[in-house]
Protein chains: 2
Amino acid sequence: MVTVHDVAARSGVSIATVSRTIRTPHRVTEPTRVRVLEAISELGYRPNRAAAGLRRGRTGTIALVVPDIDNPYFSSLTKGAQASSRARGYGLVVVDTTELAEVELEEIEAVAPQIDGLILVSSRLDEAALADIAAAHRCVLVNRTLEGRDDATPTVTVDEAAAARAAVEHLAGLGHRHIAYVGGPARSWSQTRRLRGIRDAAAVQAGFEVTDLGGFEPTAQGGRAAAQDALDSGATAVIAYNDLAAMGLLARWAELGVRVPDDVSLVGFDNTYVAELSAPHLTSVGADLREVGETAVELLIERIDGAASRGAAARGAASGVEGADGDAEAATVAALELHRELGAQLQVRGSTGRPRP
Amino acid sequence: MVTVHDVAARSGVSIATVSRTIRTPHRVTEPTRVRVLEAISELGYRPNRAAAGLRRGRTGTIALVVPDIDNPYFSSLTKGAQASSRARGYGLVVVDTTELAEVELEEIEAVAPQIDGLILVSSRLDEAALADIAAAHRCVLVNRTLEGRDDATPTVTVDEAAAARAAVEHLAGLGHRHIAYVGGPARSWSQTRRLRGIRDAAAVQAGFEVTDLGGFEPTAQGGRAAAQDALDSGATAVIAYNDLAAMGLLARWAELGVRVPDDVSLVGFDNTYVAELSAPHLTSVGADLREVGETAVELLIERIDGAASRGAAARGAASGVEGADGDAEAATVAALELHRELGAQLQVRGSTGRPRP
DNA sequence: TTGAAAGCGCTAACAG
DNA sequence: CTGTTAGCGCTTTCAA
């Protein structure tokens, strides 16, 4: 293992100068820096993050906690998070809770001492437990919010209302007047918002009816289970809680001889890659999941690096032409850092069409 | 942060005893151990892995390097690896190389100093580069082997020959006599073995013909691109390089009005969860991917912990009734530790049936 | 069996 | 601008 001592010896400086050349290059003279840098590349020196972290009280690693990495939603999000953290020089530890709140709790506590902060994605914890975690650890929440007093925990959410609206408007625009919604787990954060969003969007449409088919498993199995109910509802279009459920509906309907979109239209949520696996491809609405992951990492690292970078951002904004505008902009920046809501995009593919006359 | 000092103070012992209570409990008297353990749980003490690692020359963390986490094959494998490493007390950092050899190389070097070892899954590196990496770092290879002199690097592979045979025999048993193979990237390790396996298995069948359609992208797009060729080949059944390509074939055929399995049968490779997303579900052959991940972690950690545990395993085996048998068994165990080939299972689902008369 | 003490590789005062 | 030095939390000799 190559250490600072080796580099120092090779370049004829002290270990402190080697360290400075890496962390604060501007505090080292040009020729010295060049020599040290040369030694570093010649020896193939890589700083030991654990040692640096021990000293600085930081580990240079963050954790991403997801319910199930083997789910396109979370794997895409993970991909974005991993790229983003890597680009910022942080290691990323992935924790899969297998959808269990108790595992989530245990794993968070186990991993916490080894990291600088964590990202909780679609946490399965109840409000109280989540608030405790948020208070005890530096973290960022994705797809969950802490209503009420806690306003210090950054969150990343998707504008589910806008997503639902886009889906409903698309269907209404096609001529549909009665749609059915195949929901997900009743107590899920997203489910609550998606159902509400669909209802709100439907309320605005004239003579538009929504049948809530209730909660199903957010899987292909769940979709299959809902297939007959959806047909029986008499709706000409169906919106599914997520793409997986939509795939199940599609598969079951195919078995029943129901054609999509000729007999019934279908829209999924999340716009994961599975939407492009079926025939016809699935019309789906959702945010860019990699961007969700990237954003969460960004917020977390900004928080870790602390007031320094936040202050710099504000200062940068404030240094604009207009003093007043600058301040306003700085305030906006600060607000954005705490809660970021990402927009959703509707991808129209083959599973939606005009209702049959 | 709670440290050994806090625990020591609370339980009235030295920090050395606290450390011993954790690492080598048998070297501490019962009453002392109990007191320390109590203090630990009362204070919620969690050892700082970085500090321990710094001292011991280990980090307690391993890396899993995959080409694309957003691919059901790798996400399932990752799920197994993550569960396994956690169970063994190791942290797992996931590295996504976005399928690029250069990124893979760079990331391995960057992460290497922070870990005790790494698992390279379906590495995109060429033989020479891979051999260099294997020589320079403690690692385990999955889906790749180092032919030739290197026999010290543990590898985990899937018995592709058996998998191919199972697929061919299934089809032959159904009555098919002419099948087509939609291959993956020409230079891919798996592709080479799968094609060879299919050819070998076909050679054994009487009057059985295989048309190799050549290499396609291992994605739904690739499958779609091959759909017409497959039909034109005149084969009554098709085997696809992986499930994703099979899904593409299925989708394109559906658009063309070709029915599965009435007009043509289809078998995928890998048996990922996407095989259950389609209508009909996809017959697919592959190993348990989570087990592949678990096995790789097992091999790596065993190698990290060194001869100690290997010796123990051999001793355990050798302590059987028969001396000779024991030795033989121990040898087998040792051999297994270096290269583990996992069997593949054929899951017969709706996409295969008898050929049309 | 237990404690004292050294030191893993690195960073951050503090001097010079 | 550069070097010396004191630890970060932990494990592990070495003595007692």
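Below, chain A is the first sequence line, B the second, and so on; all start at residue 1. Side-chain atoms are counted along with the backbone in the values below, which use heavy atoms only and exclude waters and symmetry mates. Not measured: the values here are computed from a predicted model.
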For nucleotides 3-5 of chain D, give me every protein contact, N/O to N/O, under 3.5 Å, one pair per line with atom names.
{"unit_1": "D:dG3", "atom_1": "OP2", "unit_2": "A:S14", "atom_2": "N", "d": "2.9"}
{"unit_1": "D:dG3", "atom_1": "OP2", "unit_2": "A:S14", "atom_2": "OG", "d": "3.1"}
{"unit_1": "D:dG3", "atom_1": "OP2", "unit_2": "A:T17", "atom_2": "OG1", "d": "2.7"}
{"unit_1": "D:dG3", "atom_1": "N7", "unit_2": "A:R20", "atom_2": "NH2", "d": "2.9"}
{"unit_1": "D:dG3", "atom_1": "O6", "unit_2": "A:R20", "atom_2": "NH2", "d": "2.5"}

Exercise. Going through the checks in order, is the salt bridge (Lys or Arg N to Asp or Glu O under 4.0 Å) test met by A:D96 and B:K79?
Worked result: CA-CA 7 Å; A:D96 184 317; B:K79 183 145 185 149; 3.2 Å; yes
Exercise. Base, sugar-phosphate, or nothing: which does A:V18 touch, judged by heavy atoms less than 4.0 Å apart?
Worked result: nothing
Problem set entry | Between P of D:dT2 and NE2 of A:H26, the distance in whole Å | 13 Å
Exercise. Is there a donor in the side chain of B:T97 and an acceptor in the side chain of B:E107, or the other way round, less than 3.5 Å apart?
Worked result: no
Problem set entry | d(CZ, A:R56; C1', D:dC8) in whole Å | 12 Å
For this session: Quick one: do B:E298 and B:S84 satisfy side chain to side chain donor-acceptor pair (under 3.5 Å)? Show the steps, please.
Result: CA-CA 7 Å; B:E298 201 176 302; B:S84 179; 5.6 Å; no
Exercise. How many Å lie between CZ on A:R23 and P on C:dC10, as a whole number?
Worked result: 11 Å
Exercise. Can you tell me how far the CD1 atom of A:I22 sits from the OG1 atom of A:T17, to the nearest 0.5 Å?
Worked result: 11.0 Å
Exercise. From D:dC10, C:dG9, C:dT2, pick the nucleotide closest to the side chain of B:P47?
Worked result: D:dC10
Exercise. Could you state the interatomic distance from CG (B:D68) to CG (B:L100), rounded to the nearest 0.5 Å?
Worked result: 11.0 Å
Exercise. If you round to the nearest 0.5 Å, how far is CG of B:L130 from CG of B:L146?
Worked result: 5.0 Å
Exercise. So, is A:T29 close to the D:dT2 phosphate, meaning a side-chain N or O under 4.0 Å from OP1 or OP2?
Worked result: yes
For this session: Before giving the answer on salt bridge (Lys or Arg N to Asp or Glu O under 4.0 Å), spell out for A:E38 and A:R35 the whole-Å C-alpha distance, their side-chain angles and the decisive distance to 0.1 Å.
Result: CA-CA 5 Å; A:E38 268 174 20; A:R35 253 184 324 145; over 6 Å; no
For this session: Check the distance between C:dG7's P and B:L54's CG and give it to me in whole angstrom.
Result: 14 Å
Problem set entry | Length of the CZ-P vector between B:R49 and D:dT11, whole Å | 12 Å
For this session: Quickly work out the A:R33 CZ to D:dT2 C1' distance and round it to whole Å.
Result: 14 Å
Problem set entry | Distance in angstrom units between B:R55 CZ and D:dT13 P, rounded | 7 Å
For this session: Between A:I22 and B:G53, just flag the one whose closest nucleotide in DNA chain C comes earlier from the 5' side.
Result: B:G53
For this session: Mind calculating the distance between CZ (B:R58) and C1' (D:dT11) to the nearest angstrom?
Result: 12 Å
Exercise. Across the strands shown, which category fits B:S19 at heavy-atom distances under 4.0 angstrom: base, sugar-phosphate, nothing?
Worked result: base
